[in-house]
Amino acid sequence: MSLLKVTGLSKSFGGVRAVDDVSFELAPGELLALIGPNGAGKSTTFNMVNGQLRADSGSIQLDAQNLVGLAPREIWRRGVSRTFQIAETFASLTVVENVQMALLSSDRKLFSMWRRAADHRRDDALALLDQVNMKTQADRPCSELAYGDVKRVELAIAMASKPKLLLMDEPTAGMAPKERNELMALTKSLVTQNAVAVLFTEHSMDVVFAYADRMIVLARGRLIAQGKPSDVRDDPQVQAVYFGTGKTFEAAHA
């Protein structure tokens, strides 16, 4: 059963059709990679699902409810969370306070000087940090963390609202190979356990092929291929359009 259903999605900027009649579906617990060359329409598609851009036409349905036209915060309230290419945390707060701030927001409670984040659901915040192997660093300021650990905290923050759908914009950007694999293995474990659907963009093909359940490939705004990584790898149109005629995934990323 599909959780996210995107149908006939299109977006133009002036005379340029950035996304042209794109359709795909995503099931709970599934990781779907959205890939393509520069200018393919990945970011535009991603930002339409998130509500940062409004589609010109088409529908984006989450649990059969249309998201088109809703503001990002309204979409978040309906169960869509997001991580960013550059991790976003409050550097001056501790690790656990960052997660507590997310819980405050999820509970629709206002943060103020009279109500400190540290007073709100600390045990629940620690439990979330335990899931991403950051509980032992709970009381450290985020400013002291290594970048890979900041990405783990960001994942805990994203999971604080108990999302149905998690959008991840290049989750492993700027990370070493070992860190990339550790973060994605952790992500896959968490989303499988919690039946969270994941749509992610990614430039590291080793990450895509190791952790994506399915892939969709865009080129010049159009969907040219979708399916399991092994099928997409061997698709002649993907080889020709995404990498250039005669190239393979391995050769392009050697």
Side-chain angles (χ1 to χ4, degrees), residues 4 22 24-47 49-50 80-89 131-134 145-159 163 165-219 223-235 238-239 241-244 247-254:
L4 178 69
V22 168
F24 61 89
E25 297 184 13
L26 179 56
E30 184 179 34
L31 277 78
L32 178 63
L34 172 59
I35 68 169
N38 290 335
K42 303 186 302 296
S43 295
T44 302
T45 300
F46 200 79
N47 288 329
V49 175
N50 186 55
V80 181
S81 193
R82 179 173 181 173
T83 66
F84 294 84
Q85 183 176 346
I86 299 176
E88 295 191 353
T89 59
Q131 291 181 0
V132 298
N133 301 321
M134 287 295 293
L145 298 181
Y147 186 66
D149 288 337
V150 173
K151 297 290 283 187
R152 288 173 180 265
V153 175
E154 186 188 36
L155 181 58
I157 290 170
M159 296 297 291
L165 171 65
L166 176 60
L167 305 176
M168 305 183 78
D169 186 9
E170 295 192 34
T172 68
M175 301 178 74
K178 181 181 178 182
E179 289 180 319
R180 291 203 301 261
N181 283 293
E182 288 176 348
L183 179 68
M184 292 307 295
L186 176 61
T187 299
K188 186 148 191 168
S189 175
L190 281 177
V191 301
T192 300
Q193 291 172 23
N194 294 282
V196 178
V198 176
L199 176 66
F200 71 103
T201 63
E202 182 59 61
H203 279 105
S204 298
M205 288 299 105
D206 57 334
V207 169
V208 171
F209 284 111
Y211 298 102
D213 296 305
R214 288 189 303 115
M215 300 165 59
I216 53 178
V217 185
L218 299 182
L223 182 64
I224 63 168
Q226 61 179 312
K228 294 181 179 179
S230 57
D231 296 329
V232 172
R233 182 198 301 265
D234 299 326
D235 186 285
V238 173
Q239 298 290 353
V241 175
Y242 188 86
F243 296 107
K247 292 186 178 181
T248 64
F249 276 90
E250 290 79 3
H253 292 271

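For the pair E202 (side chain) and D169 (backbone), a donor-acceptor distance under 3.5 Å is absent. Between the side chain of R180 and the backbone N or O of M175 there is at least one donor-acceptor pair closer than 3.5 Å. Formation of a donor-acceptor pair under 3.5 Å by the K151 side chain with backbone atoms of P171 is found in this model. In this structure a side-chain-to-backbone donor-acceptor pair under 3.5 Å is missing from N50 to F46. When atom types are taken as modelled, the side chain of T201 and the backbone of L34 share no donor-acceptor pair closer than 3.5 angstrom. Between the E30 side chain and the D213 main chain, no donor and acceptor come within less than 3.5 Å of each other.
Scanning all heavy atoms of the two residues, the minimum distance from E25 to L32 falls at O-CD2, 3.9 Å. Of all non-hydrogen atoms in A158 and S81, the two that sit nearest each other are O-OG, 2.9 Å. Taking every heavy atom of both residues into account, F84 and E154 meet most closely at N-OE2, 3.0 Å. Taking all atoms of both residues into account, the shortest heavy-atom contact from A212 to F200 is CB-CZ, 4.0 Å.
Partner of L165 under the side chain to side chain contact (heavy atoms under 4.5 Å, CB included) criterion, out of V196, V191, L26: L26 alone. In summary, of the residues considered (V198, T172, N181), a side chain to side chain contact (heavy atoms under 4.5 Å, CB included) with Y211 occurs for N181 alone. Exactly one of V217, L218, D235, V232 qualifies for a side chain to side chain contact (heavy atoms under 4.5 Å, CB included) with I224. That residue is V217.
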Full working for side-chain contact (heavy atoms from CB on, under 4.5 Å) between E182 and R152: CA-CA 10 Å; E182 288 176 348; R152 288 173 180 265; 3.7 Å; yes

CA sep, side-chain torsions, deciding dist, call: M159, V132, side-chain contact (heavy atoms from CB on, under 4.5 Å): CA-CA 10 Å; M159 296 297 291; V132 298; over 6 Å; no

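With sequence neighbours excluded, no residue satisfies side chain to side chain donor-acceptor pair (under 3.5 Å) with T187.
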